[in-house]
Amino acid sequence: MIKFAKNNFLYKIYTWLPLIILYISVLNEFDLNYLDIDYFSFNFPFILIFYFALKEYNKFDYLLVFFAGLINDTVVGLPLGMSSLSYILVCIFASYLRNITIRPHLIKDWFYFLFVISFINSINYSTLFLFFSYDLNILFYIINNLFTFLFYVPISIFLNYYHKAIND
Amino acid sequence: MASSRDDFIIAIRSAFLKKSTKQKFSLLTLVFLSIFIVVLSGINFTPINKVKSFLNEMVYRSSFIVSIPENLIVNTFIEIRKYSSFYNEYKDNKKELEILKSKDVSSKIIISENNELKNLIEDYTLSSNKILAKVIVDHKSPFLKTIIINKGSSEGLKIGTNIYDKNYLVGRVIELNYKSSRVLLLSDFNSSVPISITPGNIQAIVIGNGDNSGKINYIKDNLIDEIQDRSIAYTSGTGSIFKSGIPVGRVNNTGNNFYINFYSDFEQLKYVFVEIEGEKSTGNQSNQIEEQSIINSASDTEKIKLDLLNDQIKILNETNQEFIEENQTLKSKSNQLTNKISELQKELGIKEEKIKQNISDKKELEFLRLNLIYSSKCQRTSFRKGYKVGTPEYKKCILNRGMRVND
């Protein structure tokens, strides 16, 4: 395995990698939508935020997550603050699960994640529809929710390697 | 029971209020801040709008830079796919170009006539100027169909400015910044365009369905039966949101519903045209100047018409020349074919003669075969009454297999 010296610049980049990826994904709206599959999309920032908030990763600053939400709103064209609220709610739910759980288990986290994203997407849809009069297709939200849920396990297994490497 | 409730409350408190290592704000503070910003942006609070405008400028550029690697990969893939069908596309384009060239002349005449008529019926005309804009952010989001372009209020754009791909309508500006703006595409659920459908001049409204097409709604006077498949839809100009007469797409009848397949492919937008409009008032000018301008415009229009007619004559001459050349080629081909036909006819005559000869030879052979068998029956001898060898009666007798004519 590659080992970095702790003062190395590359090591610093490596430790900040989750936030860098989060910012790239909100700026680029990374969801593999160029695959041209009908209705296919998933919310990568939700998975990333939930995973690292759950692991209480010390470089994962909530204020920076909040700013990532503001950037996402600007890119997608949503009212300012909507994505920030969603991201912070993900952090709160993850933090609650971390505090209440003694023995963490991936499958339990996974289904809890489904509840969290469904709840947050419902809030998002309702707020946009009722208060901002946005015309949105609920089917897109449901499919997005489903794919985000399905992608959680493979992505979290992959992120486990990263987390393990950082702790080592 | 009490301890589990305590655990729950402790967990909640810890989740909301506890600041972990290196966290500057508690999550509760950030939640309130988010809700505060959402509410303020909901009521269009000016400082929030300014912050948003500033963020837009920064984020759009950053997003463009961040998207470069992904766009590069996707574009390379598209380019490779294009090269594979390059030659066929070239041939189709060449044909289409010829057709469009001839159509262009007639459309120029119509435009000049249209301008002339507008000058006659209106006291002002709209002068429009199309500028090219680059699409800097297009994430093809499944939720909101919008693009960001690199032209903003500094170039004279306004909320509602029409955006084109070539001559086809693609959307309108909904969010304006100094050097960039957000365009709502026609395919978005929130987009509705008043259209006219020809033939029939049927008025309707097309609403985006999140795909590269839109659904026709609110047809005036229930003229649904009169809509034909593949009819052309263009903007009607009702409500002054879009200019009138801009091509939008073609009607597609799916049985129960009518859809508009937009002319422009919104997934492939790289550059778009922005229409900057300005009003030219002519109402307060003096009569003399007015008359002079009318005379000038009329003479200009005549000149334009003459030029266009000359162009049309030129094109017609060229087409004529092409027809003559084609005619000559066809003539030479026809001569070649006539020669071939005469040669084939000769060959046919020779073959027919050969067939006739063959048939007579067959008959002769048959006679000789029968002659060997029945000659004794038909031949005249001193004991039997028959026929002299070589006479037609003898031949008849042989062919009748020995039965004499009188028998």
Side-chain angles (χ1 to χ4, degrees), chain A residues 23-24 26-31 33-34 36 38-41 53 56 58-63 65-66 69-71 73-89 91-101 127-128 131-137 139-141 143-144, chain B residues 7-8 10-16 18 20-28 30-31 33-42 48 51-52 55-56 58-60 62-63 65-67 70 73-74 77 137 139-144 146 148 174-175 182 184 188-190 207-211 267:
Chain A
Y23 273 83
I24 288 173
V26 293
L27 281 168
N28 197 21
E29 215 186 316
F30 169 72
D31 55 4
N33 47 21
Y34 50 83
D36 276 348
D38 277 348
Y39 297 109
F40 175 80
S41 71
E56 206 180 9
N58 59 3
K59 297 281 183 203
F60 209 70
D61 196 332
Y62 296 145
L63 188 67
V65 173
F66 173 81
L70 291 183
I71 290 172
D73 289 332
T74 313
V75 172
V76 180
L78 296 172
L80 213 60
M82 280 300 297
S83 302
S84 300
L85 181 65
S86 308
Y87 293 173
I88 295 300
L89 282 175
C91 291
I92 288 170
F93 278 107
S95 180
Y96 170 75
L97 181 69
R98 189 184 62 233
N99 289 326
I100 207 86
T101 314
T127 314
L128 289 174
F131 297 107
F132 292 94
S133 306
Y134 273 57
D135 241 339
L136 297 162
N137 190 353
L139 193 67
F140 285 124
Y141 269 90
I143 292 169
N144 182 278
Chain B
D7 287 348
F8 174 74
I10 289 164
I12 291 270
R13 278 187 62 186
S14 176
F16 274 101
K18 191 185 153 194
S20 320
T21 46
K22 294 189 179 176
Q23 297 291 354
K24 290 168 195 72
F25 293 91
S26 71
L27 284 167
L28 192 67
L30 292 173
V31 166
L33 190 60
S34 306
I35 294 168
F36 186 62
I37 292 172
V38 171
V39 171
L40 289 182
S41 62
I48 287 287
V51 169
K52 195 178 179 185
L55 259 176
N56 286 347
M58 296 246 302
V59 168
Y60 293 160
S62 315
S63 181
I65 294 162
V66 167
S67 304
E70 187 194 337
I73 294 163
V74 175
F77 177 68
V137 179
H139 290 314
K140 300 174 183 69
S141 166
F143 304 108
L144 292 171
T146 56
I148 313 294
I174 54 160
E175 188 183 274
R182 183 182 289 275
L184 183 77
D188 190 88
F189 286 105
N190 300 287
I207 292 172
N209 64 353
D211 224 334
E267 309 250 317

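Chain letters run A, B, ... following the sequence lines, proteins first and then strands; every chain starts at 1.
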If one checks every heavy atom of A:Tyr141 against chain B at 4.5 Å, the contacting part turns out to be both

When rounded to the nearest 0.5 Å, the distance separating CG of A:Leu70 from OG of B:Ser34 is 7.5 Å

Note to self: Can a donor-acceptor pair be found, under 3.5 Å and without considering hydrogens, that links the side chain of B:Asn190 to the backbone of A:Asp135?
What the structure shows: yes

Can any side-chain N or O of B:Ser41 pair as donor or acceptor with the backbone N or O of A:Leu80 at less than 3.5 Å? yes

Margin query: Please check if the number of heavy atoms outside A:Phe132 that lie under 6.0 Å from its CZ is greater than 12.
Written below: yes

When the 4.5 angstrom heavy-atom criterion is applied to A:Leu97 and chain B, the contacting part is neither

Rounded to the nearest 0.5 angstrom, the CG-NZ distance for A:Asp73 and B:Lys52 is 8.0 Å

**Asked** Taking the side chain from B:Ser63 and the backbone from A:Leu27, do they hold a donor-acceptor pair closer than 3.5 Å?
**Response** yes

Value for CG (B:Leu33) from CG (A:Leu63), rounded to nearest 0.5 Å, stands at 8.5 Å

* How about A:Ser84 and B:Ile37: do any of their side-chain heavy atoms sit closer than 4.5 Å? -> no

Looking only at A:Tyr87, A:Phe131, A:Tyr134, A:Tyr23, most heavy-atom pairs under 4.5 Å shared with chain B are made by A:Tyr134

Bottom line for A:Ser133: the part with an atom under 4.5 Å from chain B's heavy atoms is backbone

Interatomic distance, OH@A:Tyr62 vs CG@B:Leu30, rounded to 0.5 Å, equals 10.0 Å

